[in-house]
Structure formats: structure tokens, C-alpha cells
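Take a look at the structure below.
Keep in mind the model is a prediction, meaning the values are calculated, not measured. Just so it is clear: chains get the letters A, B, ... in the order the sequence lines come, proteins before strands, and each one is counted from 1.
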Number of protein chains: 2
Amino acid sequence: MTHLFHPARDDMRISRVLAALADPVRLHLVAQVADGSERSCAAEEWGVQVHKSTLSHHFRVLREAGVTMTRVDGRNRWIRLRRADLDARFPGLLAAVLAALPEEAAHPQDRAAAS
Amino acid sequence: MTHLFHPARDDMRISRVLAALADPVRLHLVAQVADGSERSCAAEEWGVQVHKSTLSHHFRVLREAGVTMTRVDGRNRWIRLRRADLDARFPGLLAAVLAALPEEAAHPQDRAAAS
DNA sequence: CAGATCGTTTGACAAACATCAAACTAAGGT
DNA sequence: ACCTTAGTTTGATGTTTGTCAAACGATCTG
């Protein structure tokens, strides 16, 4: 598959972007490239304790939602934030989420709820 | 149950809030009270085609995430946005999401993905 | 109290999701 | 050619989620 799907800026859907961001692991991944840097898919580069196929899955969710851009280069893939597109399409969203991340990182991962 | 759980402002978690907002139905509900108004839980008041128990479930998710406040008054419950708390805790988040809602509403609800 | 109203809770069910492991594809390197 | 490296795809598994329906609880009204 040499063609990776990326939604056009105008095809991004807010509910989809929110769903992509509503996962602690993916939120952590986004934080790693928040500075505009690029990173390969190697698990060591992201400081996360999941299997590489799981990581691959998360990158796909982020990419298909329009949050990240995946560039193919030889046998590596380089991932970066689509900050300009996100800022144009949903002004303020990314900034608000990124601002909340340091605090989020302090918590252990939890998917459970209290009543 | 006379005590409904509402997270304190500082206990709100961004991943939880994002998860609460990452649903087309709940996004629609939030849009209805975006102007600061209060609304009872009656399905007719929200213009949504789900069973009342489903609606009750969504209100709980929103409340437990800290997005909405539910006030009990006799046999009615009045729901409103916790805008001040959200703005204080996650500045810009709500505004960014609300700004994207009119466009979101134009689309049919979809939870499925394309490859 | 009896009945109606408003909403929650519980149970059931299918779809979606996060995860891992193993198989696979593609691109280098030797 | 062969082996390694980088990442995806597929299958399996357990969890979570959205939904409805039916039962329940609580409050108001006659």
C-alpha cells in the first residue's frame, strides 16, 4: 500500500477528531509531536508500553481522523501533527487539548468510571 | 438517589471530557444548551431520536465527565453546560468544539470509518 | 391512597475498540 | 539471493459502548 489515506482539511469531522483524541495512549502520542517534530513508528521513540501492532493501529486512527500526517520514506514512516490543518479547521482545539496534556500525563491511565 | 455525582473542576480529566464529546448524539445535546439555557431531560426538548433511557445514559456520561450540571427539582432534572468550569479548566476547548458543531450537524450520524 | 409523570436502573445485545501475537509486505544491506 | 529491519494486516480475545425495552423509584396531583 503506497497510498496512505489522509482526509482533506475540509473533510475532517469534529466528532472523529475528538474520538481520535479521546484515548490516553493517542493523547500521549500527540504530545510527543506537539512541537512539530517528526518521529518514526518505533515504539522506543514514543515512550509507550504497547505492542508495535497496537501502535500501528493508533497511528492509523490518528491519521484517518486527520490529526497526524504519515510520510513514507523507504521502510520508515515519519509521523507529524497536522497542526496547520487542524488550526484552520478547528481553531483553538489543538491548543486547548495540548495545554491540558501535562496534567493528564501525571495520572495513571484509566478507562474506568466512578458513579 | 438524591446525590448526583459531579466532578469538581480540578478533577475533570481531558481524556474523559473528550470521550464524552466524541459522540454525535452527545455533541448535539451539548449544542442545545450551548447558549447557557437549562433543559429538562424530556426527549422532545432535545430534538433527538433515541429512547429516553439512552438519553439518560448520555446525560450521565456528560455529567460524570464534568461537561454538564444536572439540577434536581421535584421530578424534573434540569441540565445545563458547566461552561465556567470548562473554560477555567480547559480554556478554549468548549469554544473550539461549539464552533465546529453547525457543520457537524449537517452530516448524517456516522460511527463507521473509511480506509 | 391511586394514578400519572419524569427519569433512572437493569438486562440484553450487537457493534466498536484496545490489545497482543503471528503472519505478511516492502525496502535495505551484505 | 538471503537476511534483516520497519511497519501493516489479520485473527483472536476481552472490554467498553450505544441502544432499546421493561422494571423500578420518586414526586406530584386528584
Notebook entry, point to check: Taking DNA chain D as the partner, which of residues 27-45 of chain A come within under 4.0 angstrom of it by heavy atom?
Noted result: A:Ser40, A:Cys41, A:Ala42
Next item on the list: Give a yes or no answer on whether the side chain of A:Arg77 reaches the backbone of A:Thr70 with a donor-acceptor pair at less than 3.5 Å.
Entry: no
Notebook entry, point to check: So, B:Trp46 side chain and B:Ser40 main chain: donor-acceptor pair closer than 3.5 Å or not?
Noted result: yes
Given [options], the nucleotide with the shortest approach to the side chain of [X]:
X	options	value
B:Ser53	C:dT19, D:dT29, D:dA22	D:dA22
B:Val50	C:dA27, D:dT19, D:dA23	D:dT19
B:Arg75	D:dC20, D:dA6, C:dT5	C:dT5

Measure from [atom1] on [X] to [atom2] on [N] and round the result to the nearest Å.
X	N	atom1	atom2	result
B:His51	D:dG18	NE2	C1'	13 Å
B:Lys52	D:dA21	NZ	C1'	10 Å
A:Leu62	D:dG7	CG	C1'	16 Å
B:Leu55	D:dG18	CG	C1'	12 Å
B:Leu4	C:dG7	CG	P	12 Å
A:Phe5	D:dT8	CZ	P	16 Å
A:Ile79	D:dA6	CD1	P	14 Å
A:Trp78	C:dA27	CH2	P	17 Å

Would you say [N] has OP1 or OP2 under 4.0 Å from some side-chain N or O of [X]?
X	N	result
A:His57	C:dA18	yes
A:Arg26	C:dA18	yes
B:Arg77	C:dT8	yes
A:Thr54	C:dC20	yes

Notebook entry, point to check: What does B:His58 touch in the nucleic acid at a heavy-atom separation under 4.0 angstrom: a base, only the sugar-phosphate, or nothing?
Noted result: sugar-phosphate
Next item on the list: Sort out for me which residue in B:Thr68, B:Leu93, B:Leu81 forms a side-chain contact (heavy atoms from CB on, under 4.5 Å) with B:Leu86.
Entry: B:Leu81
Note to self: Quick check: is A:Met12 connected to A:Leu98 through a chain of hydrophobic side chains (ILVMFWY, heavy atoms under 4.5 Å apart)?
What the structure shows: yes
Note to self: Please enumerate all residues that pass salt bridge (charged side-chain N to carboxylate O under 4.0 Å, His left out) together with A:Arg82, with sequence neighbours excluded.
What the structure shows: A:Asp85
Check: Does the side chain of A:Val30 reach to within under 4.5 Å of the side chain of A:Val97, using non-hydrogen atoms?
Finding: no
Notebook entry, point to check: Is there side-chain contact between B:Leu94 and B:Val67, with at least one heavy-atom pair below 4.5 Å?
Noted result: no
